[in-house]
Structures are given as C-alpha cells and as structure tokens.
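Keep in mind that the numbers below use all heavy atoms, side chains included, and drop hydrogens, waters and symmetry copies. All of these numbers come straight from a predicted model, not from anything done at the bench. Just so you know, ligand 1 is whichever comes first in the structure, and atom 1 is the first atom listed for that ligand.
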Amino acid sequence: MSAEIWGDLWSSNRSAFARRYMATAIEKETLVCLAADLRTMADIRALITEVGPSIACLKLHVDIVNDWNIEGWMEICELATDLGVAIWEDRKFADIGRVSRQQMAGAFDIRSWADIVTAHLISGPDIVQGLQNGWSDVGREGGVLLLAQMSSRGNLLNEEYTTTVVKHGNDIEGVLGYIGNGSDPNAIRALRDIVGSTRMIWTPGINLDVGDGVAGQRYGHPREAVLAGADCLIVGSGIHQSQNRGEMAAEYARISWQALLDR
Ligand code: 6AU
C-alpha cells in the first residue's frame with residue numbers, strides 16, 4: 001500500500017523520518033504540515049486541537065512565541081505526539097557546524113523536542129553534521145530539511161544555487177529532503193528532476209487563494225504543487241487565518257491527498 005501510493009520515494013528514501021511522515025500521511029490521508037505561526041502557547045494549542053485530524057506534521061517557530069517556557073512547550077509537543085505527527089522546528093540554521101550544534105541546545109533546547117529542523121547549506125555541508133551531533137548529544141535522532149528554493153519574492157536562491165544544494169544534500173546522511181518553492185509548479189518540477197526519489201520535497205507558499213501574499217510571500221495552489229512533485233504542503237495563514245480552521249484544514253487535506261493519488 002505505502003509503496004503503491006508513494007512510489008519510488010517509499011523504497012528509495014533512507015530517512016526514518018521521511019518514512020514516518022509518509023506512513024502518517026497515508027494513515028490520516030493528508031499531506032498537510034501545519035505552520036502554527038501564532039504568538040502565544042495557548043493560541044498554538046487551540047489551533048492544533050482544532051486541526052489535528054487533518055495534519056501530518058507540525059511546524060513551529062519557537063522564537064516567535066511571546067510567553068514561551070519549556071513546560072508549556074512540552075504540552076504542545078505532547079499534543080503533536082498524541083496526533084502521531086512529527087515536530088519540526090523551523091529555526092533556519094545557517095552557521096558553522098560547531099555553533100549549529102550549540103544552537104540545538106541553549107535555552108530552547110531544540111534537540112530535545114524537535115524531530116526535524118531546517119537549514120541553509122550556505123555555510124557548507126558540515127552544518128548537517130553539527131545538527132545531527134546536537135541530537136546525538138541527548139541520545140536522539142532527527143532529519144534536516146535543506147532550503148533549496150524559497151517562496152519569497154526576490155530571494156537569492158537561484159537555479160545554480162538550488163542545483164548545488166541538491167548535489168551536496170543528496171550525498172549527506174541525515175538530510176530528509178528539501179524546501180521547494182510551493183508558489184511555482186515549474187520550480188517544483190525542476191527541483192523534482194534534480195532531487196530524484198531518495199529525498200522529499202516539502203513546499204511552503206501554499207494557499208487556495210493563489211498569488212501574492214503579505215510581505216513578499218507568494219502562493220501556489222495545493223493541487224498544482226503536489227502534481228508538480230511536492231510531497232508535503234506547508235500551510236500557515238491559509239488555515240490559521242480562516243474563519244473555520246478545522247474545516248479549512250480538512251479541505252487542504254482532501255485536496256492534497258487526492259492530488260497524491262492522481263500523481
Ligand atoms: O502559509 P504562510 O505563508 O502563512 O506560512 C508559510 C510558512 C512560514 C515560513 O516560515 C515558512 O512557511 N517558509 C519556509 C520554510 C518552511 O522553511 C520557506 C520559504 O521559502 N517560505 C516560507 O514561507 O512559517
């Protein structure tokens with residue numbers, strides 16, 4: 001069943017976290033990763049509770065939360081665990097390997113609760129080892145998503161950069177996949193061509209209301225993104241700014257799942 005639905009991605013992917021995500025997606029019939037970009041822990045908890053059945057992953061930005069403390073945060077993580085979804089901290093690491101390892105610790109102690117983190121490869125391949133060492137320091141493992149493209153207008157991740165990131169990233173153990181530009185199906189298709197089937201493509205910049213968003217964000221349609229090669233759709237405001245968040249999340253889930261079956 002899993003291989004039938006995910007195709008080569010299921011058999012070729014070496015990352016335990018990618019497989020876990022793919023299994024959850026099948027179980028819950030959704031490719032939606034919720035970007036819970038809210039500013040208080042109570043708001044994040046309420047949002048997760050409303051949309052829980054429709055999400056396959058939870059993405060957080062620990063450093064935007066005004067009332068952060070570790071106890072409240074662990075409650076949020078427990079909610080995600082009860083829903084069977086992985087926890088992704090979208091702190092975009094970009095430093096040298098040694099410092100990235102230290103940034104996994106610190107006050108937020110990301111290494112202890114995040115299953116996935118995001119990184120730019122701009123500083124070179126050792127950043128991935130640094131992040132993996134961060135997890136090892138507390139006896140845990142995790143997966144790294146490398147930014148190969150971005151959804152924001154005027155970003156500097158050009159085609160040559162994208163190709164270089166994928167060339168290196170595909171050789172690095174611990175890379176579970178790439179961030180692609182969900183607002184542009186052609187960009188996703190081009191990324192899929194070079195990524196192949198050993199790594200996943202996760203795309204932000206997804207909204208049923210396609211076009212320009214606030215502050216340079218751009219949006220593409222969820223169905224188009226999956227058909228073009230996106231394996232996970234990161235949806236933030238499309239869900240958390242809607243009138244009925246539970247229903248809207250279910251709608252994104254339905255569209256993403258049907259598109260995967262059609263793909
Ligand atoms: O759906 P939105 O626009 O409300 O939220 C999009 C989410 C935000 C961004 O931090 C993130 O996706 N994001 C990323 C990621 C996931 O790494 C990369 C990117 O290029 N664009 C982008 O929006 O939480």
Q: Give me the nearest non-hydrogen protein atom to atom 14 (C) of ligand 1 as residue plus atom name, then the distance to 0.1 Å.
A: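 Of every protein heavy atom, Pro204 CG, 3.5 Å lies nearest to atom 14 (C) of ligand 1.
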
Q: Looking only at protein heavy atoms, which one is nearest to atom 10 (O) of ligand 1, and how far off is it?
A: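 The closest one turns out to be His61 NE2, 2.9 Å.
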
Q: Backbone or side chain, does any N or O of His240 fall under 3.5 Å from an N or O of ligand 1?
A: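 Not met; the criterion fails.
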
Q: Among all protein non-hydrogen atoms, which one is nearest to atom 20 (O) of ligand 1, and what is the separation to 0.1 Å?
A: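 Ranked first by proximity to atom 20 (O) of ligand 1 is Ser151 N, 2.8 Å.
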
Q: Are Thr118 and Trp88 close enough that a side-chain donor and a side-chain acceptor fall under 3.5 Å?
A: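 A pair is found: one side chain offers a donor N or O, the other an acceptor, under 3.5 Å apart.
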
Q: Could you check if a side-chain atom of Ile5 sits within less than 4.5 angstrom of a side-chain atom of Trp10, using non-hydrogen atoms only?
A: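 Ile5 does not reach Trp10 side chain to side chain.
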
Q: Quiz question: by atom type and distance under 3.5 Å, do the side chains of Ser112 and Asp109 form a donor-acceptor pair?
A: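 A pair is found: one side chain offers a donor N or O, the other an acceptor, under 3.5 Å apart.
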
Q: Record the part of Tyr219 in heavy-atom contact with ligand 1 below 4.0 Å; permitted values are side chain, backbone, both and neither.
A: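 Tyr219 to ligand 1: side-chain contact only, backbone stays beyond 4.0 Å.
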
Q: Is the shortest heavy-atom distance from the side chain of Arg111 to the side chain of Leu131 under 4.5 Å?
A: no

Q: Within the 3.5 Å criterion, strictly below it, is a donor on Ser151 or Gln217 matched to an acceptor on the partner's side chain?
A: yes

Q: So if I count the atoms of ligand 1 from 1 in the order they appear, which ones are less than 4.0 Å from some heavy atom of Trp88?
A: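 Matching atoms, with element in brackets: 16 (C).
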
Q: Write out the residue and atom name of the closest protein heavy atom to atom 15 (C) of ligand 1, then the distance separating them to 0.1 Å.
A: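 Result for atom 15 (C) of ligand 1: Asp90 OD2, 3.5 Å.
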
Q: Note the single closest protein heavy atom to atom 4 (O) of ligand 1, along with its residue, its atom name and the distance in Å.
A: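 Of every protein heavy atom, Ser237 OG, 2.4 Å lies nearest to atom 4 (O) of ligand 1.
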
Q: What's the shortest distance from atom 1 (O) of ligand 1 to any protein heavy atom, and which residue and atom give it?
A: Gly236 N, 3.0 Å

Q: Without hydrogens or angle criteria, can the side chains of Asn170 and Tyr178 be said to hold a donor-acceptor pair below 3.5 Å?
A: yes

Q: Answer side chain, backbone, both or neither: which part of Gln217 comes under 4.0 Å from ligand 1, heavy atoms only.
A: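 Contact part for Gln217 vs ligand 1: side chain (C-beta onward).
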
Q: Which of these, Arg218, Lys59, Met150, has its nearest heavy atom closest to atom 7 (C) of ligand 1?
A: Lys59

Q: Just need the protein heavy atom nearest to atom 8 (C) of ligand 1, so name the residue and atom and give the distance.
A: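 For atom 8 (C) of ligand 1, the nearest protein heavy atom is Asp37 OD2, 3.2 Å.
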
Q: Do Asp95 and Ser100 have a side chain donor and acceptor closer than 3.5 Å?
A: no

Q: Go through the side-chain N and O atoms of Ser237 and Tyr219 and say whether any donor and acceptor fall under 3.5 Å apart.
A: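 Looking only at side-chain atoms, Tyr219 and Ser237 do form a donor-acceptor pair, the distance falling under 3.5 Å.
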
Q: Can we call the ring centroids of Trp68 and Phe108 under 6.0 Å apart?
A: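 Centroid separation for Trp68 and Phe108: below 6.0 Å.
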
Q: What's the shortest distance from atom 17 (O) of ligand 1 to any protein heavy atom, and which residue and atom give it?
A: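 Checking every protein heavy atom, the shortest distance to atom 17 (O) of ligand 1 gives Lys92 CE, 3.0 Å.
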
